[in-house]
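So the structure is just underneath, and the comments pick up after that.
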Amino acid sequence: MSKIQAPKGVHEFFPPESQEFEYVRETLIKSAKDAGYQLMELPAFEDTDLFTRGVGESTDVVSKEMYTFEDRGGRSITLRPEGTAGVMRSVIEHNLDKGQLPLKVWYSGAFFRAERPQAGRYRQFYQVGIEAIGLADPEIDAEVIAVADRSFKNLGLKNYRLEITSLGDAASRALHKVELVKFIATLDFDEATMARAALNPLRLFDDKRDEVRLKMAKAPLLIDFLNQASKDHFERVQSLLTSFGIAFIVNPRMVRGLDYYTGTTFEFVHDGLGAQSGIGGGGRYDGLMAQLGGADHSGIGFGIGVDRVLLACAAENSISTKISEAYSLDLFLIAMSEETKSYVANLLNSLRNHGIRADMAYGDRALKGSMKAADKSGARFSMVIGSDELNSGEAMLKNMSTGESRSIRLAALHNEF
RNA sequence: GUGGGCGUAGCUCAGCUGGUAGAGCACUCGGUUGUGGUCCGAGAUGUCGCGGGUUCGAGCCCCGUCGUUCACCCCA
């Protein structure tokens, strides 16, 4: 009998490293909440049509990476490969766009793509995302980008860059596509590359091979085909980012893999992760809601890969001290004898009722072992309680970093924190 | 999905041209009868990923398989 193991390509987080995952995720969420975004908690699986219509049938995500199955009622169900389509579906279904706009929401959870796993790419991965729906102003584009950027800065990250471009409106894109296809037809590529070009000619812009880059160097760029309105919008976004103090580079060769993107698009890239270097990305998706049967509202949002941001934090060693501050205990209690154990358990419980972060040594270990546990816990203070302390009502409160201790009345212990 | 590397103790890894498994860290106990971190000593821990094959004999060679990793591809 073989051992049961986790399915291929899933990423699990357990102690002590799970603290880092939690810290990263909560920090990402906090900057969304602080900017007025509210939670949407959505299903991890949806009707398959939502993704084929929303994300686009020609995308790799839909055509070969979805976990699709038939449920017991014969419906075609797909584990969500991304977050935006589900948010749009719910907004339309529950008429959330009938109130004041923009509607600003955030989400967090697991997403699924059946890809070949490698560092930073998992079959179940975690994203935190936001969506701002129903406002076409460049100010909201800048806000969305700033929310992501602020969360990275709050995590202490430095070695990342923001790349932005504009995909313009549908008319501009159609015009450009004609010219791009014409240009590519003059080039000599292998069969696989031509097949990619046929599916989406923009793809060739982010090919990693030097010979392809060389051949594409003179290809017509979409950014040169933008109409005046798109151009003005993109200019405004850039000047806002500059005044926010957010550094960026315009990358007109940036390619996004989901069909719904229009206008402003962006990507946060970190070079410490290997081949999977995108830690977050997003953009405007002005036709998506109408495409899914809702009102023709514009929208913009991002998805940030929690797994990858965690890798970036590890590469920069940016959060280890923040984590010990965020999670360490105030006090660690040690019961010296069998008789004091239940007293200590009660004391511990009442300290926790006062909001003090505390724990105690369980089990019958020698004092040395218990002190070691206190040390390991990272608690700032420790206290040993035996029958002497019980009788006198006082015990020594020890500062674990300086080693100093002083006598404290047990009844007033909670006032020390 | 395609190609290369790697799977040995909880972790990081050593193990020579095949001869029957080891180190460091971590853990438990003790040195120090009620005060951690350093030091010293002792102890426990393995289907050598799994399944076949070759061989007198396989952790080592061969085949398959699963996982992982790196690149392509794709993207968070």
Side-chain angles (χ1 to χ4, degrees), chain A residues 1-11 14-17 24 28 55 59-65 80-84 108-129 148 192-193 195-196 199-200 203 206-209 212 254-258 267-270 273-282 301-312 332-337 340 361 363 365-379 381-389 395-405:
Chain A
M1 245 230 301
S2 56
K3 265 195 288 187
I4 297 177
Q5 41 187 13
K8 183 188 179 95
V10 302
H11 193 189
F14 35 82
E17 290 78 15
V24 167
L28 296 173
V55 177
T59 63
D60 278 39
V61 169
V62 169
S63 64
K64 49 189 198 194
E65 295 171 1
R80 59 181 178 186
E82 60 93 56
T84 303
S108 164
F111 296 84
F112 309 86
R113 290 182 200 172
E115 296 179 276
R116 183 86 168 252
Q118 71 186 69
R121 185 167 80 183
Y122 308 100
R123 292 186 166 189
Q124 173 169 337
F125 57 99
Y126 297 85
Q127 279 193 14
V128 169
T193 308
R196 287 175 63 206
L199 209 59
N200 181 357
R203 280 263 161 275
D206 70 348
D207 198 296
K208 287 174 186 169
R209 291 168 296 182
V212 177
M254 189 168 88
V255 180
R256 304 250 72 210
L258 311 180
E267 211 167 83
F268 288 89
V269 181
H270 195 283
L273 315 186
Q276 307 303 323
S277 56
I279 55 176
F302 66 66
I304 294 175
V306 182
D307 315 74
R308 289 190 189 169
V309 175
L310 181 55
L311 288 173
F332 195 88
L333 297 172
I334 296 167
M336 269 313 292
S337 62
T340 51
R365 333 168 62 177
L367 179 59
K368 180 171 177 169
S370 295
M371 282 305 294
K372 246 180 156 171
D375 193 35
K376 273 255 145 92
S377 78
F381 294 92
S382 69
M383 178 175 269
V384 176
I385 299 173
S387 40
D388 291 353
E389 287 80 4
M396 301 302 281
L397 182 66
K398 179 169 184 174
N399 182 317
M400 293 299 279
S401 49
T402 66
E404 290 163 4
S405 43

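Order of the sequence lines fixes the chain letters, A, B, ..., with proteins taken first and strands second; residue numbering starts at 1 for each chain.
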Nearest listed nucleotide, side chain of [X], among [options]:
X        : options             : result
A:Lys398 : B:G36, B:G34, B:C75 : B:G36
A:Arg113 : B:G37, B:U35, B:A76 : B:A76
A:Gln127 : B:A76, B:C66, B:U35 : B:A76
A:Gln118 : B:G36, B:C72, B:G34 : B:C72

Students often get this wrong, so: under 4.0 angstrom with heavy atoms, is [X] touching a base, only sugar-phosphate, or nothing?
X        : answer
A:Asp207 : sugar-phosphate
A:Glu267 : nothing
A:Ala119 : sugar-phosphate
A:Arg256 : sugar-phosphate
A:Gln124 : nothing
A:Ala366 : sugar-phosphate
A:Phe111 : nothing
A:Ile334 : nothing

Does any donor-acceptor pair link the side chain of [X] with the base of [N] at a separation under 3.5 Å?
X        : N     : value
A:Arg308 : B:C75 : yes
A:Lys376 : B:G36 : no
A:Glu389 : B:G34 : yes

Determine the interatomic distance between [atom1] on [N] and the same-named atom on [M]; round to the nearest Å.
N     : M     : atom1 : answer
B:G5  : B:C63 : P     : 11 Å
B:C60 : B:C27 : P     : 33 Å
B:C74 : B:G1  : C1'   : 11 Å
B:C16 : B:C29 : C1'   : 38 Å
B:G24 : B:A14 : P     : 16 Å
B:A58 : B:C50 : P     : 15 Å
B:U45 : B:G52 : C1'   : 29 Å
B:G36 : B:G30 : P     : 13 Å

* Asked: Rounding to a whole Å, what distance do you find between A:Glu115:CD and B:A76:P?
  ->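 Distance, rounded to whole Å: 10 Å.
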* To the nearest Å, give me how far apart NZ (A:Lys372) and C1' (B:C27) are. => 8 Å
Quick one: is [N] close enough that its OP1 or OP2 comes under 4.0 Å of any side-chain N or O from [X]?
X        : N     : answer
A:Arg209 : B:A71 : no
A:Lys208 : B:C72 : yes
A:Arg116 : B:U68 : no
A:Arg203 : B:C75 : yes
A:Lys8   : B:G67 : yes
A:Gln276 : B:C74 : no
A:Arg196 : B:C74 : yes

* Got a donor-acceptor contact below 3.5 angstrom from the A:Arg308 side chain to the A:Gly280 backbone? -> no
* Within the distance-only criterion (no hydrogens, no angle test), does the side chain of A:Asp307 pair as donor or acceptor with the backbone N or O of A:Gly120 below 3.5 angstrom? -> no
* **Which residue lies more 5' along RNA chain B, comparing A:Ala275 with A:Gly9 via nearest heavy atoms** => A:Gly9
* To do: Select from A:Gly303 and A:Arg121 the residue whose nearest nucleotide in RNA chain B is closer to the 5' end of that strand.
  => A:Arg121
* Note every stem involving RNA chain B: at least three consecutive Watson-Crick or G-U wobble pairs, i with j then i+1 with j-1, with both distances under 3.5 Å. => B:1-7 with B:66-72, B:10-13 with B:22-25, B:27-31 with B:39-43, B:49-53 with B:61-65
* To do: Output, in order, the C-alpha distance, side-chain angles, deciding distance and verdict of side-chain contact (heavy atoms from CB on, under 4.5 Å) for A:Gln127 and A:Phe125.
  => CA-CA 7 Å; A:Gln127 279 193 14; A:Phe125 57 99; 3.4 Å; yes
* Matching residue for A:Glu115 among A:Lys64, A:Arg123, A:Arg121 - test: salt bridge (charged side-chain N to carboxylate O under 4.0 Å, His left out) -> A:Arg121
Just the atom pairs and distances: protein N or O near nucleotides 6-13 of chain B's N or O, under 3.5 Å.
none

* **Pair A:Met396-A:Val384, side-chain contact (heavy atoms from CB on, under 4.5 Å): steps then yes or no** => CA-CA 7 Å; A:Met396 301 302 281; A:Val384 176; over 6 Å; no
